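Presented below is the structure to which this report refers.
Quick caveat: nothing in here was measured; it's all calculated off a predicted structure.
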Amino acid sequence: MDGGGGTLPSMDAFDSFLFSLSNAFSTPLALFVQIQGCVICLVLAFGWACAAYVRNREIKRIKGRVRAGNSFAFICNDISELEHSNQVNLPRVTVIMPLKGFGEHNLHNWRSQVTSLYGGPLEFLFVVESTEDPAYNAVLRLLSDYRDDVDARILVAGLATTCSQKIHNQLVGVEEMHKDTKYVLFLDDDVRLHPGTIGALTAEMEKNPDIFIQTGYPLDLPSGSLGSYCIYEYHMPCSMGFATGGKTFFLWGGCMMMHADDFRYDRYGVVSGLRDGGYSDDMTLAAIAGAHKRLITSPPVAIFPHPLASDLNLGRYWNYLRKQTFVLESYISHVNKIMNRALFTSHCYLSWGFVAPYFMSMIHVAAALRFYTKGYSLEEAGFSSVGMSMVCSLAACTVIELFSMWNLTRVEVHLCNILSPEAPQLSLASYNWGLVFIAILVDNFLYTISAIRSHFSQSINWSGIRYYLKDGKINKIERSIPKVDMGPIYTDLGGKHLYGKKGMAPKVSFLGSLAKTLAQWRQPKKFDS
């Protein structure tokens with residue numbers, strides 16, 4: 001607009017379309033979607049605030065015990081528990097670790113597991129598919145370092161035929177555990193334990209025999225790539241379900257302590273439920289717990305640092321997301337199927353319901369910028385200020401959400417540092433909160449695509465093994481043999497070698513991974529290797 005009151009510039013086709021779209025996003029239905037996005041942000045913020053309260057309460061308890069004279073409060077509640085008369089009566093625990101491949105953080109994680117300060121009888125069973133697995137020789141070297149200090153063995157499970165390889169390895173470990181074992185603890189190889197973790201879990205099991213499973217949850221430590229932040233963001237909403245300080249309906253397969261006799265006598269069908277077509281250990285056991293009204297708990301100290309691979313790109317994140325959404329396609333009963341379908345539907349709706357308001361806000365902002373830079377009149381542009389009001393509301397809610405996420409992460413980092421005082425201290429300084437926001441949008445947008453893909457494919461490639469589902473259970477397993485000239489094959493989060501050949505990680509782009517996924521839609525066998 002000129003300073004002398006000249007004529008207004010005419011509106012071109014693009015501007016007309018942009019303003020029309022902005023006005024369309026100001027209708028009652030569009031406003032509902034945008035308000036819904038704000039509500040989702042605030043609900044997440046409230047959930048993370050509650051989780052932070054529970055974790056922070058435990059920090060205060062530990063500090064209070066230290067002030068009362070218990071210098072070992074990070075290990076036990078009462079220092080008298082460390083007396084010999086109490087230690088000799090502790091129950092035997094068997095730790096079973098199903099392994100696949102060897103990555104950059106595995107050795108550190110395993111050392112944190114085998115150097116536990118639990119005072120009772122303790123054995124460690126590392127279970128691999130075959131001696132060709134890179135983890136086999138790595139574990140042998142680890143065990144040689146602790147030959148005289150740790151009761152540990154490595155078991156070769158062989159190939160799974162009726163369930164996932166992970167579950168097969170777990171069940172082989174159960175068969176080989178000590179006859180006097182009272183509790184069995186299943187750990188993933190990416191779990192970094194605190195010195196007092198096993199003792200804390202065991203104490204809770206002893207205190208309340210009605211506990212069916214005790215679990216925990218990882219605190220992701222992003223490596224700096226967008227893919228690693230997407231993993232961090234994917235796990236954060238679930239973290240509030242594990243920060244209850246007690247009873248929960250959530251279960252994480254990376255850390256599960258159970259009664260050994262439940263496996264010896266197949267109580268509640270835990271062995272048969274896992275063995276006969278089981279794909280996901282945690283979803284299967286959670287369904288069994290729900291069906292038999294058994295108790296799952298998550299103590300506030302069960303939070304574990306989870307460093308992500310330094311080269312975790314979007315392609316590997318997409319592969320991880322595919323495996324996670326595929327879990328909802330498995331079930332053990334009709335009721336479990338209905339619940340998984342409900343989770344599938346609600347998660348897809350909320351994911352895109354969360355992303356849509358940001359797309360609308362982008363249109364509103366673009367229209368407003370064009371409005372002011374081109375000098376259009378309100379009558380000519382037909383521009384509505386309602387949209388910009390919603391943009392401001394969504395921005396405020398997003399800031400509150402990110403602050404709550406930051407606060408929970410800060411509290412959990414502090415708790416982990418207290419529980420592992422001898423370990424290098426964790427810090428929030430490396431977190432990039434701009435990338436966190438981008439990861440929130442990327443993860444929620446891709447979740448629905450991945451879930452729909454999983455629903456229609458009914459098959460998944462997990463670490464070189466393709467599983468096919470029928471009626472919610474594995475009914476077919478195919479293994480691909482890696483070509484000699486393919487280079488190393490890696491898993492998703494830890495950047496682990498699967499086949500033992502050394503070399504650099506393959507540089508697979510996210511778009512390339514999506515293109516391959518589309519090709520797999522109709523020809524899954526062709527791409528398994």
Side-chain angles (χ1 to χ4, degrees), residues 25 33-34 36-45 47-48 218-240 306-322 324-325 347-366 368-369 390-410 412-413 427-451 492-493 495 507-515 517:
F25 288 158
V33 172
Q34 293 172 79
Q36 175 184 258
C38 293
V39 171
I40 293 174
C41 286
L42 295 177
V43 169
L44 288 172
W48 287 325
L219 168 61
D220 291 325
L221 306 175
S223 59
S225 66
L226 180 57
S228 66
Y229 279 103
C230 286
I231 297 293
Y232 164 76
E233 192 283 326
Y234 176 83
H235 284 155
M236 280 302 289
C238 292
S239 65
M240 64 185 74
H306 181 212
L308 298 172
S310 57
D311 57 351
L312 202 162
N313 56 28
L314 279 174
R316 295 232 305 270
Y317 155 72
W318 169 255
N319 292 334
Y320 174 78
L321 185 62
R322 283 277 293 111
Q324 295 302 303
T325 55
H347 202 157
C348 289
Y349 173 80
L350 291 174
S351 291
W352 275 11
F354 178 84
V355 173
Y358 289 96
F359 174 74
M360 295 179 179
S361 294
M362 182 179 67
I363 297 299
H364 289 314
V365 171
L369 290 175
M390 293 308 305
V391 169
C392 295
S393 299
L394 182 61
C397 292
T398 301
V399 170
I400 295 172
E401 177 197 14
L402 288 174
F403 174 80
S404 186
M405 182 187 288
W406 168 84
N407 183 56
L408 174 58
T409 306
R410 177 188 63 84
E412 290 183 337
V413 163
S427 171
L428 276 179
S430 62
Y431 283 72
N432 184 326
W433 294 98
L435 278 179
V436 170
F437 173 69
I438 295 174
I440 291 175
L441 300 181
V442 171
D443 178 61
N444 281 283
F445 176 74
L446 291 178
Y447 181 90
T448 300
I449 299 174
S450 177
D492 302 320
L493 302 190
K507 296 182 179 180
V508 181
S509 69
F510 174 58
L511 293 179
S513 180
L514 278 180
T517 297

Can you establish whether the number of heavy atoms outside Phe359 located under 6.0 Å from its atom CZ is more than 12? no

Please examine the side chains of [Y] and [X], heavy atoms only from C-beta on, and report whether any two atoms are closer than 4.5 Å.
X: Met236; Y: Leu408; result: yes
X: Asp311; Y: Arg316; result: yes
X: Asn432; Y: Tyr229; result: yes
X: Tyr232; Y: Met405; result: yes

Quick one: does any side-chain atom of [X] pair with a main-chain N or O of [Y] as donor and acceptor, under 3.5 Å?
X: Ser228; Y: Pro222; result: no
X: Ser225; Y: Leu312; result: yes
X: Ser223; Y: Ala309; result: yes
X: Asn407; Y: Phe403; result: no
X: Ser404; Y: Ile400; result: no
X: Thr325; Y: Leu321; result: yes

Which heavy-atom pair separates [X] from [Y] by the least distance, and what is that distance?
X: Val33; Y: Ala356; result: CG1-CB, 3.9 Å
X: Leu428; Y: Val413; result: CD2-CG2, 4.4 Å
X: Pro218; Y: His306; result: CB-CB, 3.7 Å
X: Thr448; Y: Cys348; result: OG1-O, 3.2 Å
X: Ser361; Y: Leu394; result: OG-CD2, 3.3 Å

At what distance, to the nearest 0.5 angstrom, does [atom1] of [X] lie from [atom2] of [Y]?
X: Arg410; Y: Ser427; atom1: CZ; atom2: OG; value: 12.5 Å
X: Phe354; Y: Leu44; atom1: CZ; atom2: CG; value: 6.5 Å
X: Leu441; Y: Ser351; atom1: CG; atom2: OG; value: 11.5 Å

Check step by step if side chain to side chain contact (heavy atoms under 4.5 Å, CB included) holds for Trp318 and Ile449. CA-CA 10 Å; Trp318 169 255; Ile449 299 174; 3.9 Å; yes

Please confirm whether Tyr358 and Phe445 have ring centers closer than 6.0 angstrom. no

Indicate whether any N or O donor in one side chain lies under 3.5 Å from an N or O acceptor in the other, for Asp443 and Tyr317. yes

Taking the inter-plane angle between the rings of His364 and Phe25 on a 0 to 90° scale, is it parallel (under 30°), tilted (30 to 60°) or perpendicular (over 60°)? perpendicular

Could you tell me how the ring of Trp433 sits relative to the ring of Tyr431: parallel (under 30°), tilted (30 to 60°) or perpendicular (over 60°)? parallel

